[in-house]
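Order of the sequence lines fixes the chain letters, A, B, ..., with proteins taken first and strands second; residue numbering starts at 1 for each chain. Predicted model, so just to flag it, every value in this text is computed and none were measured.
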There are 2 protein chains.
Amino acid sequence: MDQTTTTRRGEATRGKTRLDDALLARLDAWWRAANYLTVGQIYLLDNPLLREPLRPEHIKPRLLGHWGTSPGLSFVYAHLNRVIAARDLDMIYVCGPGHGGPAMVAGTWLEGTYSEIYPEIGRDEAGMRALFRQFSFPGGIPSHAAPETPGSIHEGGELGYSLAHAFGAAFDNPDLVVACVVGDGEAETGPLAGSWQSIKFLDPVHDGAVLPILHLNGYKIANPTVLGRMADDDLVAMFRGLGWEALIVAGDDPMPMHRLMAATLDCALDRIADIQAQARSGAARDDAPRWPVIVLRSPKGWTGPKEIDGKRVEGFWRSHQVPVTDPRQNPAHLKLLEDWLRSYRPDELFGTDGRLRDDLAALAPQGPRRLGANPHANGGMRRPLALPEMRDHAVAVAQPGTVVSEATRVMGGYLRDVIRLNAAARNFRLMGPDETASNRLDAVFETTDRTWQQRIEPYDVHLARDGRVMEVLSEHLCQGWLEGYLLTGRHGLFSCYEAFVHIVDSMFNQHAKWLQVARTLHWRGPVASLNYLLTSHVWRQDHNGFTHQDPGFIDVVLNKKAEVVRVYLPPDANTLLAVTDHALRTWNRINVIVAGKQPAPQWLDIDAAVRHCAAGIGIFDFASNDQGSTPDVVMACAGDVPTLETLAAVSLLRRHLPKLKIRVVNVVDLMTLQPAGEHPHGLTDRDFDSLFTTDRPVIFAYHGYPYLIHRLAYRRTNHPNIHVRGYKEEGTTTTPFDMVVMNDLDRFRLAMDVIDRVPGLAVGAAHVKQMLRDRRSAHRDYVVRHGEDMPEIRDWDWPYGTAAATDTRSG
Amino acid sequence: MDQTTTTRRGEATRGKTRLDDALLARLDAWWRAANYLTVGQIYLLDNPLLREPLRPEHIKPRLLGHWGTSPGLSFVYAHLNRVIAARDLDMIYVCGPGHGGPAMVAGTWLEGTYSEIYPEIGRDEAGMRALFRQFSFPGGIPSHAAPETPGSIHEGGELGYSLAHAFGAAFDNPDLVVACVVGDGEAETGPLAGSWQSIKFLDPVHDGAVLPILHLNGYKIANPTVLGRMADDDLVAMFRGLGWEALIVAGDDPMPMHRLMAATLDCALDRIADIQAQARSGAARDDAPRWPVIVLRSPKGWTGPKEIDGKRVEGFWRSHQVPVTDPRQNPAHLKLLEDWLRSYRPDELFGTDGRLRDDLAALAPQGPRRLGANPHANGGMRRPLALPEMRDHAVAVAQPGTVVSEATRVMGGYLRDVIRLNAAARNFRLMGPDETASNRLDAVFETTDRTWQQRIEPYDVHLARDGRVMEVLSEHLCQGWLEGYLLTGRHGLFSCYEAFVHIVDSMFNQHAKWLQVARTLHWRGPVASLNYLLTSHVWRQDHNGFTHQDPGFIDVVLNKKAEVVRVYLPPDANTLLAVTDHALRTWNRINVIVAGKQPAPQWLDIDAAVRHCAAGIGIFDFASNDQGSTPDVVMACAGDVPTLETLAAVSLLRRHLPKLKIRVVNVVDLMTLQPAGEHPHGLTDRDFDSLFTTDRPVIFAYHGYPYLIHRLAYRRTNHPNIHVRGYKEEGTTTTPFDMVVMNDLDRFRLAMDVIDRVPGLAVGAAHVKQMLRDRRSAHRDYVVRHGEDMPEIRDWDWPYGTAAATDTRSG
């Protein structure tokens, strides 16, 4: 096809498909029905079919909703219905525009899905009344597409992620076509702007297709849009540059627009079919194919009032929300609203029972082909994940602290086997911003490659058209792709630098909210948990310095509902394995795993690790010397580096103060610290007290910002005695040990804390404290001179290990 | 100029400028010097000038740094030096690539800025040794451009924001040219992809120029880059579509590349001058001009080892970090490193004293024209902000609770006058994602417009080429532009939906870290605080529902250093005025102000508001009835809605339990709750105890997640008695009052909490509690039936107000 003509307002495609006028007229009627239902949802409490003249009491007291984007969304819905039916397509509809809720609900009601799922909203007049009433009404539904919307995998609240979600849904779904409407507001966001490049990660052989429809209605809330004001030439050039072929559909006269949209959709779907057929024939190619994108220019608030009170409304931002603002008080507004509603000619659309007329209803596809009923979007395509035996990957730990291992490297071997076992099922992907190898998960490359659709050079390594590893320097894309992938029934893990996962704080928030609501909907199947591995963490950012240090994602996560979030801080490789294995078996959650990649001593053998992780918290017996008695002090730790420093502090104390009774409590699952009433994993007070005592000092070395421990434990009996050390936003360019010293989380400081807080110790142990202080100073001098940590730090070994590695006591 | 030829490898420009071969040879020598210094920083502890053969002990024990991006950055540095000197340009250099630190440091050392600022790093052999040693060394400097780097306004840690920062710097700086190197890794991020559209917000008349240099070295950490593998045609098309004219400089042979880069820079700067001259001549235009962007394709690790251990290094991702990995142990590596260093011919570059040879030093511009010394980048261009009299905007509050006002609308009037007063100074901008009007700050449009450079239609409103309001549907751009604007000496405010400010959590984190470090550098001038107005907040998202509810940004903010962050929760319009006025006067901070936009009762007159905000916390005497005695209960509140519900609860309690002594404590400044030792605004324990008592129940109604109050106050005497109500992630589509009911923050619940917790009240006040419970149920019934709040809620008035609005007691 000739690029320049096909991209110009469909000229080249206009004659291609012979579209029946009668069909287009019915399609238009279906669209009018959807628009009628949209306006009804925004305005009407009663009189849904306008059987009597509209009166103020038929109008909702609070008018909350968004008209502007809706007619365009319904226009697309109607046309997708046609092509699904005509081509028997397996298609879902991702609706990006923020407040398109009423349009999506209208579409699913018209096709019958809505009433099947929500029988109280029937396909009759009473159901239409209920449909109208519930919208933006207490106990009802929000004004955007939400988990409650059938057929949706995308919440229309926060903007920017529709296209990433669409790609996630298409990966490993070779027969699926994901239509994705991108609003021109959303298109201004960074994450969306970056998402166009996703096309360079879509494999036409094994993945499905994404058909973006950039909907330029020209306006946001109170401004034109940047993309809406771009010239067609510039849009075509931009998309061409980004790897797409833009097909423009522009106008405001419904019937020509229907003809043009139908022809253009046919053209786009033919093009997709060609690309797939070509790729699937086994032909080699040098670069990513050029996929079609439809640019739909239509007026904002299309078919609504042209002017209100002398001001431009249709085709302007004034149509964004509720255009006719005062129909309850202002008779002219009431008249305007009634005329607007009647302009859709409801009598022609709905029968006397309020049901959509059969000839119009027949336009929609049937059964699971309906956009609201496609099981891909409703949690109905859950694909089981086979998991390897984690014991095969365990580090042999005969004595605690004597074996050195890199935790994430061990996990990499496990993930390699996850990928291997599920190679045929194609149901698992590993996402990351180009950090799989640097985060030491590179064993996965023994069995798979990175997905890459652009040119591959002979000297490239581990790039392939078809790979299980998705690497792109965009945390937004990693997160968005993974969300879309999980929500359509598959599995995955996102490995990220700890500090930079804050980039997706807001996406995490939205996904947690989605899960919280979705798990309450009986008709949505469960979806695999979103698993994060946060590594290259705060304590090992020596040369990267301050910008790479931020353990605060955990704080963001813990603000969400207990039922959907989990945070794990495994102290070594075997506990990381146990936690990973568990996380991959869970549903409807977000699991955050924080673990380092650097060589570090190992504490637990695999059996002990599994027991410890199942309990979530426990006493490290091998390190404690309080057997059979109440300890003088509890040394608690959560996180790998805090555990190491705590155990090193214990070794110093046991050597120099052998009579001191120390108990070491290690926390893997942060939620255990919360009261049992707040979180299902929370310890009972009795269990908490039995671990932490009711009155002994607790020196708690924590991976992140120290306040978090107080926030979790403030209601516990012994809380007044808990003294937390953690990250304090201190740390410039330094060495690994100096980093913990800067933040007072080092072994010397922790041991001094013990001396300061155990009653009666301050005087008797003053010489020990002085020794600790001296070693601490010696460290700083050494580091500044030599640029690396003192040998006594680097070469430190746990001195008390025997066969105790298997002993842990849970609370 | 003909588009197709100028964009092809500079063919059209090659002959344009007659560049002297001798000059280019010196330019190449300067570049070699910068590369030598970069390698030296990564590797050398000693022997900086290679006066003797390289030995293992000359090498750092830990090799931490990044070579790959550096030669390209130095290449650009050298060429910018030439054009600054030749054209007397006022230019700064924003360095996007993550780990370009050693290159930027090398450039500033060569030009002398570094030694002027850091005299201990002199321009001689000892200085060079110190320069090498400090890099990625304890107590030294990080491996990316940082606050410590002279001439930088951009930290190279987290990627994605360089171009937004560059635009922020250029706004209202008509004589400035901001050169901005965007790495091809960074270019994959969403925020950077969205930033190209910034050109549509740059006014060629009143703003300066941004010259982006997209540096395609082809690789990230372990992958090719998406943009690096794009064909030239596609890059040109993409940029054309985005509104730019791409000029490509590609190659790997230094001398032709120097010639091409010099010619292309001349071409780009000529083009910028033409655009500015044309626009400043007063000629009308229909659309944004098409500005030049340079695409620089050069090998990653250019001039470094071609291969190491038989593997491709130059022009591949293996050159990303430390290419020669083991020179201390492996003699072949030591030799490779020495050969590499000597390939730059240091003897030709540096004199025997280690100083750069004079003829090379002469290439750099002089004084403040040097890239490291430009005062725009070093906090040296602080422009004072004139502020209006806030009392002129005050709401008259004769009696508390009787006047209704919209807090942000009042603030809008104040901001209008800020803009008016500083119209000539051009030193203030208001940023927001298309929400200025919806957040009710639209009084600003009485004096200014929204900046818009694309086509303006006759029916558009408040769009202008030159406006103080910047609206784009990208929180990333709002934040990035504002950061760049502030860091170059100006002022501003970012108004944002509370829930969606999480989109920029990570940018906030990075800016806070920047400020924390920058304020310790004597040579950096202070910069105006970054002010957030978070409105359309969690409690008023009725129909938007769950996705729009998230008060957790405050939690993110409080993880940062006390000295740089402030959080204010003004309860009404006058306190919002007082807090805003204060925030705009501060430096080197981040001020977060949370305030609603809905009509709400007003509590304090302006004098009381100023006193109350200065104290940050105080007793609402007008609402308390504990005068002269210890109260039975303290009802604390922070935030506008919690304050309203608390006062409504107080009115219920005072009516039904008139003997109960209640004290109302209102918190504006959250930091007052922290111990004085933790935050400069923290109350002393004595003051805290005098407000909250040491033993009475405290019912604390808080705007956000309730844990935060515990986190702040857990060390206080009366903490065990503090019972916090806040947001619990509950809230679907509902009414304003129902929203607080869902989260147990409503007046009925708060009053019931008091009855439950005041000793002895449970029995005697059981009937009151029952009445409260009944009203609560009645509310729910009413709302579900009528869709709006009960009249007794909507029409509630504070019943006890006399002239007490001026009485507050601070702690």
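- Your options are E788(B), R62(B), M230(B), and the one with the most heavy-atom pairs under 4.5 Å with chain A is R62(B).
- Heavy atoms closer than 4.5 Å to chain A are found in the side chain of Q510(B), but not in its backbone.
- When heavy atoms are compared at a cutoff of 4.5 Å, F508(B) does not approach chain A at all.
- Heavy-atom distances place both the backbone and the side chain of K513(B) under 4.5 Å from chain A.
- Note on E730(B), H462(B), E435(B): by heavy-atom pairs under 4.5 Å with chain A, the leading option is E730(B).
- The contact between E457(B) and chain A is made by backbone and side chain atoms together, counting heavy-atom distances below 4.5 Å.
- Counting heavy-atom neighbours within 6.0 Å of K311(A) NZ, excluding the residue itself, gives a total of 12 or less.
- A salt bridge does not link R455(B) with D460(B): every distance from a Lys NZ or Arg NE/NH1/NH2 to an Asp or Glu carboxylate oxygen is 4.0 Å or more.
- For Q134(A), the side chain to side chain contact (heavy atoms under 4.5 Å, CB included) criterion is met by Y114(A), I121(A), L131(A), I141(A), not counting sequence neighbours.
- Taking L159(A), L192(A), T225(A), T436(A) one by one and counting their heavy-atom pairs under 4.5 Å with chain B, the maximum is reached by T225(A).
- Only the side chain of Y705(B) comes within contact range of chain A, with at least one heavy atom under 4.5 Å from a heavy atom of that chain.
- Legend: residues meeting ring pair (Phe, Tyr, Trp, His ring centres under 6.0 Å) with H786(B), ordered by chain and number and at least two apart, are Y782(B).
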